[in-house]
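Note that these values count all heavy atoms, side chains included, but never hydrogens, waters or copies made by symmetry. In what follows, every chain begins at residue 1, and chains take the letters A, B, ... in the order their sequences are listed. In this text the structure is predicted, and so the values were computed from the model without any measurement.
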Number of protein chains: 2
Amino acid sequence: MAMPDPENIFEHHDHRQCRHEAMRQVSDSCARQHLRLTPLRARVLEILLESHRAMGAYEILERLREEGQAGQPPTVYRALEFLVTHGFVHRLERLNAFMACCHVNRGTDKRHEPLFLICNSCRKVAEAPLGVLGRKIDRQAGAMGFVAQSRVVEVLGLCPACRGELENG
Amino acid sequence: MAMPDPENIFEHHDHRQCRHEAMRQVSDSCARQHLRLTPLRARVLEILLESHRAMGAYEILERLREEGQAGQPPTVYRALEFLVTHGFVHRLERLNAFMACCHVNRGTDKRHEPLFLICNSCRKVAEAPLGVLGRKIDRQAGAMGFVAQSRVVEVLGLCPACRGELENG
DNA sequence: TTCCGTATTGTTACTTTATAACATTTAATC
DNA sequence: GATTAAATGTTATAAAGTAACAATACGGAA
């Protein structure tokens, strides 16, 4: 999956293409790390990639049930736990929801922690690189004697489209 | 309430003193803004200040009930909504919990969004100023065409005490 | 291959967190 | 004091997440 144009991460693009490439990358990453991407785990990831937005666990569960797969909450939560632990899916704390990672580690198999942009108007979510901010946050924490292990950075506001609507209409 | 020494925000201090000063500041701020700090709202804030840590809504509810006050979930959630809206209490997304603000707006009545340091070991939480990082995060979001309205920044890791224990014991 | 131990999934039941909807009370303003 | 809006009380339920144990599938050793 190509790195999204930073100015257009809210824009549409070829979902099917990006979906298949993401699946392949995750599959490769699992193979390299001897992780088991079981059918259930793969299916949960696919559902997230297909929807291409943040989904609640119970929404995913419903989708699984529609397909005849077994379905109780722990099934989904366990698959999500695996996917989140290995960085293939992100959890949005503010929304109690999950989203497939948009730029899976290419070859590095390293988890990364992004910045999430959550639109207050249309509820769309974009994932952007945290970049140098991650280190700055760690340094800020370090100044208080705190050792940072992971970060949650979520920004709420207006996406380009909704901002435009407010300004024009 | 004095601004905490940045290097000691996890340290103990005179809770009773800081509690009373915080109540007074919130009370003043409400008066200036024509907000109604009702007995219920004041009591919920006091409970949070007394505990001096992050508490779940139901934990607060239980405390209220012990005191004979009426108690159903909406009671607490509504008080918390008021307190959070006006910046007297913060919500910790990662913990589904609430914490009294440690450095209430002094005279400015402006909400501020801090950085939270959550200890993975002892679960203590410290509130630190986000400082210039807030603007940097907004700028990062702005580069994607996004208008930031509010931020969630929570760092998980080890507080000074727990870090010390790991290193020494 | 067959057996064994471990990882994964299935299943039941439950806990925790949060909110909708409407009744009642309290408070501010005229 | 009557009117209206804000706040609280109350009932019921939705939404999110987990504990505990049973059944199954898988990966490697004998």
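The salt bridge (Lys or Arg N to Asp or Glu O under 4.0 Å) analysis of residues 147-159 of chain B, with sequence neighbours excluded, yields the pairs B/Glu113-B/Arg151, B/Asp138-B/Arg151. The list of side-chain hydrogen bond (donor to acceptor under 3.5 Å, both in side chains) pairs with a residue in residues 64-85 of chain B, not counting sequence neighbours, reads B/Arg43-B/Glu67.
The residue A/Thr38 sits close only to the backbone: its heavy atoms come under 4.0 Å of sugar-phosphate atoms, none of a base.
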N/O to N/O distances under 3.5 Å, protein versus nucleotides 12-21 of chain C:
from: C/dA18; atom 1: OP1; to: B/Arg91; atom 2: NH1; distance (Å): 2.9
from: C/dA18; atom 1: OP1; to: B/Arg91; atom 2: NH2; distance (Å): 2.7
from: C/dA18; atom 1: OP2; to: B/Tyr77; atom 2: OH; distance (Å): 2.8
from: C/dA18; atom 1: O5'; to: B/Tyr77; atom 2: OH; distance (Å): 3.3
from: C/dA18; atom 1: N7; to: B/Tyr58; atom 2: OH; distance (Å): 2.5
from: C/dA18; atom 1: N6; to: B/Tyr58; atom 2: OH; distance (Å): 3.2

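Scored by the salt bridge (charged side-chain N to carboxylate O under 4.0 Å, His left out) test, A/Arg163 finds no partners at all (sequence neighbours excluded). The side-chain contact (heavy atoms from CB on, under 4.5 Å) check on B/Ala126 picks up B/Ile9, B/Phe10, B/Leu117, with sequence neighbours excluded. Residues satisfying the salt bridge (charged side-chain N to carboxylate O under 4.0 Å, His left out) criterion with B/Glu62, sequence neighbours excluded, are absent altogether. Every side chain to side chain donor-acceptor pair (under 3.5 Å) that B/Arg91 has, sequence neighbours left out, goes to B/Glu93, B/Asn96. Take B/Arg53 and apply the side chain to side chain donor-acceptor pair (under 3.5 Å) test, not counting sequence neighbours, and it matches B/Glu59. Qualifying side-chain contact (heavy atoms from CB on, under 4.5 Å) partners for A/Ala42, counting only residues two or more places apart in sequence or in other chains: A/Met23, A/Leu37.
Distances shown here put every side-chain N or O of B/Arg36 at or beyond 4.0 Å from the OP1 or OP2 atom of C/dA27.
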Side-chain donor-acceptor pairs of residues 140-150 of chain B under 3.5 Å, sequence neighbours excluded:
from: B/Gln140; atom 1: NE2; to: A/Pro129; atom 2: O; distance (Å): 2.7
from: B/Gln149; atom 1: OE1; to: A/Asn120; atom 2: ND2; distance (Å): 2.7

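End-to-end axis angle of the helix from C/dT1-D/dA30 to C/dC30-D/dG1, using five pairs per end and rounding to 10°, comes to 30°.
At whole-Å resolution of the value, CZ in A/Arg65 and P in C/dT9 are 17 Å apart.
A/Asp28 has no carboxylate O lying under 4.0 Å from a charged side-chain N of A/Arg32, or vice versa, which leaves the two without a salt bridge.
Think of the region where chain B sits on DNA chain D: with heavy atoms and a 4.0 Å cut, that region ends 5' and 3' at D/dA6 to D/dT11.
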